[in-house]
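Along the sequence shown, the residues carry numbers beginning at 1. Side-chain atoms are counted along with the backbone in the values below, which use heavy atoms only and exclude waters and symmetry mates.
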Amino acid sequence: MSEAAPTSVLDRAGLDRAAVERQIAHGLDGADDGELFLEYRQSEALVFDNGRLKQANYDTAQGFGLRAVKGEAVGYAHASDVSEQALTRAADAVRAVQGGYSGSYAEPPPRSNVRLYREDNPLGEPGFEAKVKLLQEIDAYARTKDPRVRQVSVTFGASWQAVEIVRADGAIYRDVRPLVRVNVSVVAGEGGRQETGSHGFGGREGYAAFIATGAWQGAADEAVRQALVNLQSIPAPAGEMDVVLGPGWPGVMLHEAVGHGLEGDFNRKRTSAFAGLMGQRVAAKGVTVVDDGTIARRRGSLSIDDEGTPTNRTLLIEDGVLVGYMQDRQNARLMNMRPTGNGRRESYAHVPMPRMTNTYMLAGSHDPREIIASVKSGIYAASFGGGQVDITSGKYVFQCTEAYRIEDGKLGAPLKGAMLIGNGPTDLHRVSMVGNDLSLDPGIGTCGKSGQGVPVGVGQPTLRMDRITVGGTG
């Protein structure tokens, strides 16, 4: 696994470049836009559970997708067989979508990007035996933290992806994308009660930073701490109350309840709660939200998106006013806007669409202690698990995996079963205090949309939101 694949997927497949370009020209003749997307990927996953190595998977995959964009229509064909014969069939298939349509092929993406990642493949080091030994060490360490720890699960995952984008105008774009994630989960028990805690972290670089002793010990400590806190939790209250959201990972609620509604396709089709509100106030003053795919080593960052457009720092909401959407090339053209480098796809087998990269709220001026002290009666949500969001209405439900009661401005007992229920666009107006402690998540996010999953980042400072509905068990 230590040998890095060449960046050019065409060269790896041994294809004649001139023949490939002829097939692309044939398939995209008369199209407004489109490209040949080629991918080569190596990946691994190791799972150490309940004291033994439970899973060790290694995979190598490659393939292509050919897309022809004609107005609002898209012709797409893909195959894992990267050959001239397969490409010929794909070109014939996407050409059939044209009918009598004849468009003008769009200008290629600019080459203004900074290359974020080197050719290094993170799967090579350390070797398999060293990884298994480290998994055992993490498992043993977590069990020594507290006698109430009953079960430990540790996961290592990594991938290395090379992409090549070839357009009908001859423009070629290449990128390499490393990705690593480490996760520690713990079950703690006392008597007949059991609770869980977990902590994951990762990013777009090699294993070294994540398997350093201090890093994995910190992850295990945090997983154990969370499990023990939940072991002492009491049933959460229910009703309308003030809520304080912690910094970092709680930004996943912003991602789901607001971020998806700011993607171009939902707004072009007017199925987003934010459709038609450009230039209008959609949040309280002090709320500024950006999507930034240019931050080196972050899970959601890319040198270029999956259409070849350089990623950007895109301002979405500025001081409460809607100022931008996240766009791929097709929706940007149809909305007479510029692409923002948010055209993403899960793999060669999927069409690109507007997707988030790293989406977060900027810091404000309040000290987090001041924010908590301002709440007479409410809850503090330190971490979230799963959630559900309706893009059209903006309604959401989020489960808190770590939360606390706030009484008279002080943190109280940990809570079990707390859920936040509300409406994203409405609740943006209920942000009354924004902390000065912006942080991004530790590198664990995966975003789902239309059956596709892509790595993303989220973040925010501590926030106070007034009169939020809390669903509880008490």
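- The shortest non-hydrogen separation linking G264 to Q327 is CA-OE1, 3.4 Å.
- One finds no salt bridge joining R41 and E346 here, because no Lys/Arg side-chain nitrogen approaches an Asp/Glu carboxylate oxygen to under 4.0 Å.
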Show me, pair by pair, the donor-acceptor contacts under 3.5 angstrom made by side chains of residues 241-255, not counting sequence neighbours?
{"unit_1": "D242", "atom_1": "OD1", "unit_2": "R467", "atom_2": "N", "d": "3.1"}
{"unit_1": "D242", "atom_1": "OD2", "unit_2": "R464", "atom_2": "NH2", "d": "2.8"}
{"unit_1": "W249", "atom_1": "NE1", "unit_2": "F384", "atom_2": "O", "d": "2.9"}

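- Judged by distance alone, the side chains of E407 and S377 never bring a donor and an acceptor atom under 3.5 Å apart.
- The aromatic rings of Y380 and Y404 sit tilted, their planes meeting at an angle between 30° and 60°.
- R181 forms no cation-pi arrangement with F210, by the criterion of a distance under 6.0 Å to the ring centre and an angle within 45° of the ring axis.
- With hydrogens and angles left out, the side-chain atoms of S432 and D466 include a donor and acceptor closer than 3.5 Å.
- Between L38 and L10 there is a side-chain heavy-atom pair separated by less than 4.5 Å.
- Checking R355, R329, R67, R177 one by one against D306, the salt bridge (charged side-chain N to carboxylate O under 4.0 Å, His left out) holds for a single residue, R177.
- Checked for salt-bridge contact, D319 and K285 meet the test: a charged N lies under 4.0 Å from a carboxylate O.
- Here R345 does not pair with D305 in a salt bridge; the nearest charged N to carboxylate O distance is not below 4.0 Å.
- We find that E307 and R344 are not joined by a salt bridge, their nearest charged nitrogen and carboxylate oxygen being 4.0 Å or further apart.
- In this structure, F37 has its ring center no closer than 6.0 Å to that of F64.
- Defined by atom type and a distance below 3.5 Å, a donor-acceptor pair is missing between the side-chain atoms of Y207 and E205.
- By the 4.0 Å N-to-carboxylate-O rule, K449 lies too far from E256 to be salt-bridged with it.
- At a cut-off of 3.5 Å, with distance as the only test, no side-chain donor of T294 or T311 sits close to an acceptor on the other residue.
- When each of D33, D265, V74 is tested with Q330 by the rule side-chain contact (heavy atoms from CB on, under 4.5 Å), just one qualifies, namely V74.
- Ring geometry for H199 versus F201: interplanar angle under 30°, hence parallel rather than tilted (30 to 60°).
- Of the N and O atoms on the side chains of D437 and T462, at least one donor lies less than 3.5 Å from an acceptor on the other residue.
- The closest side-chain donor-acceptor pair between D291 and T314, if any, does not fall under 3.5 angstrom.
- Annotation: salt bridge (Lys or Arg N to Asp or Glu O under 4.0 Å) contacts involving residues 86-105, sequence neighbours excluded, comprise D29-R95.
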